[in-house]
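Below, each value reflects all heavy atoms present in this structure, side chains not excepted, and no hydrogens, waters or symmetry copies.
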Amino acid sequence: TNSVKVSLDNTVDSGSVTGAVERTLTDKLADIVNAADFGVKGDGVTDDSLSLQDAINFCITNGGKELQLNAGVYVITQTLSAVLDEKYEQLHIKGNGNVIFKCIPPSTLTGGILNVNITTNHYASNLLAPRFSIKNIEFAYANETDSNLCDGISLNGSNVTGRSTQMCVIESCQFVPWTNTTNSTLLDCFFAIAVKINDLHEVSFKNCSFYSEHDQTHVGTDNLQSGMGVGIYTTNITTLTGNYNFESCSFLFGFSGIYVGPYASSVRVANCLFQQNIYGIYFQSTSYTADTTFVSGNLTVTNSSFDNEIAMVEPSTATDTSVDNFNIYTQGSISIQISNSLFFSGRDLTSNPAGIRHRGCIYLKDSGQINIHGNNFSSKGTGSGGANIYNYANYKNTAIYIENPNYTSTGVDSQIQGNNFYHFASSYAAVYLGSTSSEIQCYEELNVFENCGNNIYNLGTNNITSLPSGG
């Protein structure tokens, strides 16, 4: 039987463990760094910012040893910084038990509560481990006077096409308001972005929760439900960079669960929950019309659930027609696959809106290869006194809305097959194929439509919506 014996002279006898290296007890205790050894209290009162920064610095400069924190509430009032630019520099943080960072940002704080920078020596490591990982930490935004002052975690890199960093991992972390504020300005104060990624390849999220600002009924005088779960920003305008993975995460409230800016290469979302966001996933190309070298990436969504039963933020001009909420909103994504997911869209109304209010499950514009299959789409909501909400002419609720694919009609076919659509009875139908859509196969016979009025509203070119006769 293998055994290890610790002697009173502080040596460790490896016993019969074959090939074991004999070390002192002091050496073994140094394998893991505990923040308490640097004066970090975690008592919910003491400002632990400086002591925790000392612990982070030590771990970075000592081979990337794991920094562990005991259960407790750690008050943070200033930015914690980690620069990982030298070979073998890494940072790994792990909470043992219920570890909460109580983040109280002053009005002068910018960036993140935790800033991780991998910039000048972006790829200089022969190790296969992540450059950065954090696990079992709750980030709680505790400034109840001002919301959106800073981000939770800010990951900063310097992308180079064709050369990726090692994977950065955020696992089993929560991002929440510290408590509900009762002031007249804000409700559920939250980070501007819980995790902001700037020009950094390869980031993976697993089992994380994001609870953004919650102002469903516009109690706050700012009339906003703001904050984002994850924001991804890249600046390379000629070639795709960056791959991002989300597994078993939940995104509640706020402007968007996941925001993806231009030039991201690939975003994969699996087994995730999006609840009451203005947009669940927002894949935007702000430079699409102006940038002739524009390229954007791929989006894969599978086995996930979306529900946008949320009050729309009313425009300053009541008759404005540009108000919309969608579970997934994309512009410019080259290739999209959405499968085996649940979508719910709609809410109760008491009267016809002053202008068009358009909500729905999936909105795709300037997108290319599209494959949407095996999903359930359900319309929610009633009018005054339980009346049919679709009696309100300005209320539009569409399961799938596609406009202006960015591929020529001779280049790509897209498919919408094997889906179930329930109760989408607006004038835009369950599936709306706009006037600039083309080469989309959406066979009515290969999808299920129940109480949808118009099933497919096809205004495009070379779209196919019915099987050939006899076929």
Side-chain angles (χ1 to χ4, degrees), residues 216 274-280 305-314 318-330 338 341-365 370 372-403 414-437 440-460 463-467:
Q216 292 279 296
F274 297 83
Q275 192 81 8
Q276 313 303 339
N277 322 105
I278 295 177
Y279 300 97
S305 179
F306 298 79
D307 189 341
N308 71 354
E309 186 181 359
I310 176 178
M312 288 184 171
V313 176
E314 288 298 310
T319 55
D320 190 346
T321 61
S322 62
V323 182
D324 56 58
N325 295 142
F326 286 90
N327 297 139
I328 298 177
Y329 181 105
T330 77
I338 301 171
S341 295
L342 298 175
F343 292 87
F344 301 90
S345 176
R347 67 166 289 110
D348 296 339
L349 289 175
T350 58
S351 62
N352 189 36
I356 298 295
R357 303 293 181 265
H358 196 180
R359 66 170 64 234
C361 301
I362 299 174
Y363 177 92
L364 308 178
K365 184 178 182 182
I370 300 165
I372 302 174
H373 66 273
N375 304 285
N376 274 16
F377 298 91
S378 296
S379 171
K380 302 174 67 173
T382 61
S384 178
N388 184 350
I389 195 169
Y390 292 107
N391 290 336
Y392 299 143
N394 285 338
Y395 177 77
K396 312 295 182 183
N397 190 15
T398 307
I400 301 173
Y401 188 115
I402 300 177
E403 192 70 82
S414 294
Q415 292 190 1
I416 303 172
Q417 313 293 3
N419 302 284
N420 299 328
F421 301 89
Y422 303 103
H423 309 292
F424 289 90
S426 77
S427 59
Y428 284 8
V431 179
Y432 180 90
L433 305 178
S435 59
T436 56
S437 66
I440 297 172
Q441 299 175 13
C442 181
Y443 296 115
E444 188 169 8
E445 297 88 346
L446 299 183
N447 293 281
V448 173
F449 297 89
E450 182 176 328
N451 297 326
C452 287
N454 294 323
N455 296 335
I456 303 172
Y457 192 5
N458 178 25
L459 300 176
N463 295 326
I464 306 174
T465 61
S466 184
L467 290 171

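Among all heavy-atom pairs drawn from Gly434 and Tyr432, the shortest one is CA-CE2, 3.6 Å. Across all non-hydrogen atoms, the minimal contact from Ser437 to Glu403 is N-OE2, 4.0 Å. Summarising the geometry of Lys380 relative to Phe344, their closest heavy-atom pair is CD-CB, 3.6 Å, with the distance given to 0.1 Å. Annotation for Asp348 and Gly381: closest pair OD1-CA, 3.2 Å, computed over non-hydrogen atoms. The nearest pair of heavy atoms linking Ala430 to Thr398 is O-CG2, 3.4 Å.
Atom OH of Tyr457 is surrounded by 12 or fewer heavy atoms from other residues, nucleotides or ligands within 6.0 Å.
Between Tyr390 and Tyr395, the distance separating the two ring centers is shorter than 6.0 angstrom.
For Phe424, there are no ring-ring contact (aromatic ring centres under 6.0 Å, His included) partners at least two apart in sequence or on another chain.
Annotation: side chain of Thr465 is not in contact with side chain of Val431 (no heavy-atom distance under 4.5 Å). Side-chain atoms of Cys361 and Phe421, non-hydrogen and from C-beta on, never get closer than 4.5 Å to each other. Using a 4.5 Å heavy-atom threshold, the side chains of Tyr443 and Ile464 count as touching. With a 4.5 Å cut-off on side-chain heavy atoms, Glu445 and Ser466 count as touching. For the pair Gln441/Gln417, a side-chain contact is recorded, criterion being any heavy-atom separation below 4.5 Å from C-beta on. The shortest distance between side-chain heavy atoms of Ile402 and Ile416 falls below 4.5 Å. Looking only at side-chain heavy atoms (C-beta outward), Asn394 and Arg357 stay at 4.5 Å or farther from each other. For the pair Tyr363 and His358, the minimum side-chain heavy-atom distance is 4.5 Å or more.
Residue Tyr428 holds its OH atom at 13.5 Å from CG of Leu433, rounded to the nearest 0.5 Å. Atom-to-atom distance recorded for Lys365:NZ and Thr436:OG1 is 8.0 Å, nearest 0.5 angstrom. Atom CG of Asn325 sits about 6.0 Å away from atom CD1 of Ile278, to the nearest 0.5 Å. If you take CG on Asn308 and OG on Ser345, they are separated by 4.0 Å, rounding to the nearest 0.5 Å. Within the model, atoms OG of Ser435 and CG of Leu459 stand 6.5 Å from one another, a figure rounded to the nearest 0.5 Å. Rounding to the nearest 0.5 Å gives a distance of 8.0 Å between CD1 of Ile328 and CG of Leu364.
Remark: side-chain polar atoms of Asp307 are not paired, donor with acceptor, to backbone N or O of Gln275 under 3.5 angstrom. Of the possible polar contacts, none joining the Asn447 side chain to the Cys442 backbone as a donor-acceptor pair under 3.5 Å is found. Under the 3.5 Å distance criterion, the side-chain polar atoms of Asn420 are left unmatched by any main-chain donor or acceptor of Asn376. Without hydrogens or angle criteria, Tyr279 side chain to Asp324 main chain gives a donor-acceptor distance under 3.5 Å. With hydrogens and angles disregarded, a donor-acceptor distance shorter than 3.5 Å links the side chain of Tyr392 to the backbone of Thr350. A donor-acceptor distance shorter than 3.5 angstrom exists from the side chain of Asn419 to the backbone of Asn375, with no hydrogens or angles considered.
Of the residues Asn327, Val448, Ile372, the one that meets the side chain to side chain contact (heavy atoms under 4.5 Å, CB included) test with Phe377 is Ile372.
Aromatic ring pairs are classed by plane angle as parallel below 30°, tilted from 30° to 60° and perpendicular above 60°; the pair Phe306 and Phe343 is parallel.
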